[in-house]
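A short worksheet on the structure shown next.
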Amino acid sequence: MERVLITGANGFIGRAVTALAAKEKDWQIYRLVSGIKTSAPPLQTPNIQTVSADLRDEKQCDALIKNVQPTLMLHLAWSLEDHNFLHSDKNIQWLEISLCLLRAFKKYGGMRFIFSGSSAEYGYDQLICSENGQAVPSDLYGTCKLAFTNLGEAFCTANNIQFTCIRYFSVYGPGESHLLHAIPVAIDTLLRGERFVCRAPNNVWDYVYITDVAEATVRVMRSNFCGVVNVGGTPIPMGELFAILAGLTGGKGVLVVENKSRPGQRLVADTSVLKEKIGFSSQMDIRQGLTNTVQWWKNEFKNK
């Protein structure tokens with residue numbers, strides 16, 4: 001029985017991955033819920049056990065790994081709660097926490113460590129982001145994620161541990177209620193009939209639906225792939241994205257698009273490694289995914 005520890009299991013990605021991973025009958029899953037937030041929705045699955053620790057405390061990190069003794073670890077936890085998270089000093093703290101977890105993982109016999117990286121590691125100066133290409137982050141969040149990718153890979157190589165970094169691009173879908181990223185903020189604003197301004201309509205971001213993210217992640221966990229793998233979906237200009245959302249929410253009259261002639265940035269994934277090494281391609285059509293997401297938000301409004 002593989003002992004699997006998932007940090008950040010109560011987050012947007014973590015909930016979806018944990019629910020899917022629970023179907024793996026030969027995995028005993030330990031879903032970590034931070035000691036800061038001890039409440040978590042129950043999962044009625046016999047092979048899932050909830051554990052708690054405050055990862056900011058080095059002693060609790062060590063005790064967690066000692067008690068669970070995972071052979072496989074999926075490290076999703078990171079601080080994304082602040083609207084200024086791209087430049088927050090908490091990124092340095094989470095780099096330190098992640099290194100502490102990795103040292104404990106090695107100390108107690110861990111064999112395979114999978115890290116939740118980010119498209120922010122690449123920066124915004126490339127037409128397409130390839131795992132073998134240049135990574136030049138432009139903010140503290142991407143810099144700290146890239147630092148751990150490099151340090152983690154070197155540490156694991158030196159200690160005979162398998163290391164994988166999954167670089168997620170822009171994840172969206174039902175269940176993301178935190179008003180931090182563009183899609184939930186836009187949907188919430190448009191459903192309220194309030195004015196929403198798109199200031200960078202020519203920015204092209206790569207959006208990947210939450211069920212595709214979960215499937216890709218579990219397949220990576222199941223594989224022996226080591227290295228960096230991009231998980232992306234559909235590149236779309238932000239102006240087009242918000243126009244779709246305005247149509248789905250009835251908010252066309254309150255959507256304002258500025259800077260239509262200004263060139264935009266790009267953050268688009270090369271998913272060749274995902275297809276060729278992991279055997280997976282994102283399945284969800286962007287319009288259908290946005291329709292599902294808006295419907296989830298409408299249901300949320302009804303229940304408030």
Side-chain angles (χ1 to χ4, degrees), residues 4 6-24 29 31-33 37 40-43 45 48 74-81 85 114-120 129 145 164-188 190-191 205-222 229-236 238 241-242 244-245 248-249 267-269 271 274-275 278-301 303:
V4 181
I6 301 177
T7 72
N10 200 32
F12 178 44
I13 295 176
R15 292 193 304 271
V17 171
T18 303
L20 185 59
K23 298 178 181 179
E24 303 289 332
I29 298 168
R31 61 193 293 258
L32 174 65
V33 178
K37 296 180 179 179
L43 289 175
T45 308
I48 291 183
L74 175 64
H75 180 36
L76 296 170
W78 201 275
S79 178
L80 300 176
E81 295 180 356
F85 76 91
I114 301 174
F115 173 59
S116 169
S118 170
S119 58
C129 300
K145 285 278 188 175
T164 303
C165 170
I166 303 176
R167 284 184 180 151
Y168 297 110
F169 279 66
S170 299
V171 183
Y172 77 102
E176 186 184 15
S177 58
H178 192 46
L179 297 177
L180 182 65
H181 296 119
I183 287 179
V185 170
I187 294 174
D188 181 73
L190 293 168
L191 284 176
W205 289 169
D206 194 324
Y207 277 92
V208 54
Y209 194 67
I210 186 60
T211 56
D212 284 331
V213 167
E215 179 68 30
T217 302
V218 171
R219 290 200 185 200
V220 169
M221 293 166 73
R222 267 287 182 203
V229 56
N230 291 335
V231 172
T234 304
I236 185 171
M238 298 305 288
L241 176 78
F242 292 133
I244 294 172
L245 291 177
L248 293 170
T249 58
L267 199 56
V268 176
T271 56
L274 183 66
K275 295 173 185 175
I278 309 301
F280 180 75
S281 298
S282 295
Q283 303 298 307
M284 181 59 71
D285 171 78
I286 184 70
R287 289 179 180 271
Q288 185 60 56
L290 292 173
T291 300
N292 297 348
T293 307
V294 169
Q295 186 57 55
W296 181 84
W297 269 94
K298 287 180 177 179
N299 293 336
E300 287 292 293
F301 269 80
N303 294 331

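All residue numbers refer to positions in the sequence shown, counting from 1. Keep in mind the model is a prediction, meaning the values are calculated, not measured.
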Exercise for the section: Evaluate the criterion side chain to side chain contact (heavy atoms under 4.5 Å, CB included) for residue pair Arg287 and Leu290; output intermediate values, then yes/no. Expected result: CA-CA 5 Å; Arg287 289 179 180 271; Leu290 292 173; 5.7 Å; no
Handout entry: Heavy-atom closest contact (Tyr207 atom, Ala182 atom, distance)
Key = OH-CB, 3.9 Å
Problem - Donor-acceptor pair, side chain of Asp206 and main chain of Gly232, under 3.5 angstrom - result: no
Problem - Under 3.5 Å: donor-acceptor pair, side chain of Glu215, backbone of Val213 - result: no
Problem - Arg222, CZ atom: more than 12 neighbouring heavy atoms under 6.0 Å - result: yes
Exercise for the section: Sequence neighbours left out, what passes side chain to side chain donor-acceptor pair (under 3.5 Å) with Ser116? Give chain and number order. Expected result: none
Fill in the blank from the handout: From the list Leu76, Val171, Val17, side chain to side chain contact (heavy atoms under 4.5 Å, CB included) partner of Phe12 resolves to Val171
Exercise for the section: Grab the two heavy atoms, one from Leu267 and one from Cys129, that are nearest each other, plus how far apart they are. Expected result: CD1-SG, 4.0 Å
Handout entry: From Ile166 atom CD1 to Ile114 atom CD1, the distance as rounded to the nearest 0.5 Å
Key = 5.5 Å
Practice task
Examine distances only and state if a side-chain atom of Thr7 and a backbone atom of Ala77 form a donor-acceptor pair shorter than 3.5 Å.
Solution key: yes
Problem - Note, Phe85 side chain near Ser79 side chain (heavy atom, < 4.5 Å) - result: no
Exercise for the section: Please step through side chain to side chain contact (heavy atoms under 4.5 Å, CB included) for the pair Thr217 and Val231, ending with a clear verdict. Expected result: CA-CA 9 Å; Thr217 302; Val231 172; 5.7 Å; no
Practice task
Would you check if Trp296 and Glu176 make a side-chain contact, meaning some heavy-atom pair closer than 4.5 Å?
Solution key: no
Exercise for the section: Determine whether Ile183 and His181 make a side-chain contact, defined as any pair of heavy atoms from C-beta on separated by less than 4.5 Å. Expected result: no
Fill in the blank from the handout: For Ala21 and Val218, the nearest pair of non-hydrogen atoms, with its separation, is N-CG2, 4.0 Å
Problem - Tyr172 ring center within less than 6.0 Å of Tyr209 ring center - result: yes
Handout entry: Interatomic spacing from CD1 in Ile13 to CG in Leu80 - rounded to 0.5 Å
Key = 8.5 Å
Handout entry: Qualifying residues under side chain to side chain donor-acceptor pair (under 3.5 Å), relative to Trp205, sequence neighbours excluded
Key = none
Handout entry: Asn230 CG to Cys165 SG distance, which is reported to the nearest 0.5 Å
Key = 9.0 Å
Completion exercise
To the nearest 0.5 Å, atom CD1 of Ile236 lies from atom CD1 of Ile244 at 4.0 Å
Problem - Least distance between heavy atoms, Pro235 atom then Val268 atom - result: CG-CG1, 3.6 Å
Exercise for the section: Keeping the roles fixed (side chain from Arg15, backbone from Asn10), state whether a donor-acceptor pair exists under 3.5 Å. Expected result: yes
Exercise for the section: Check whether any side-chain heavy atom of Thr293 lies under 4.5 Å from a side-chain heavy atom of Leu245, and answer yes or no. Expected result: no
Completion exercise
When rounded to the nearest 0.5 Å, the distance separating CZ of Phe280 from OG1 of Thr271 is 10.0 Å
Problem - Backbone of Gly279 reached by a side-chain donor or acceptor of Arg219 within 3.5 Å - result: yes
Exercise for the section: Among Leu179, Leu248, Val294, find the one that has a side chain to side chain contact (heavy atoms under 4.5 Å, CB included) with Ile187. Expected result: Val294
Practice task
Working to the nearest 0.5 Å, report the span between OG1 of Thr211 and CE of Met284.
Solution key: 5.0 Å
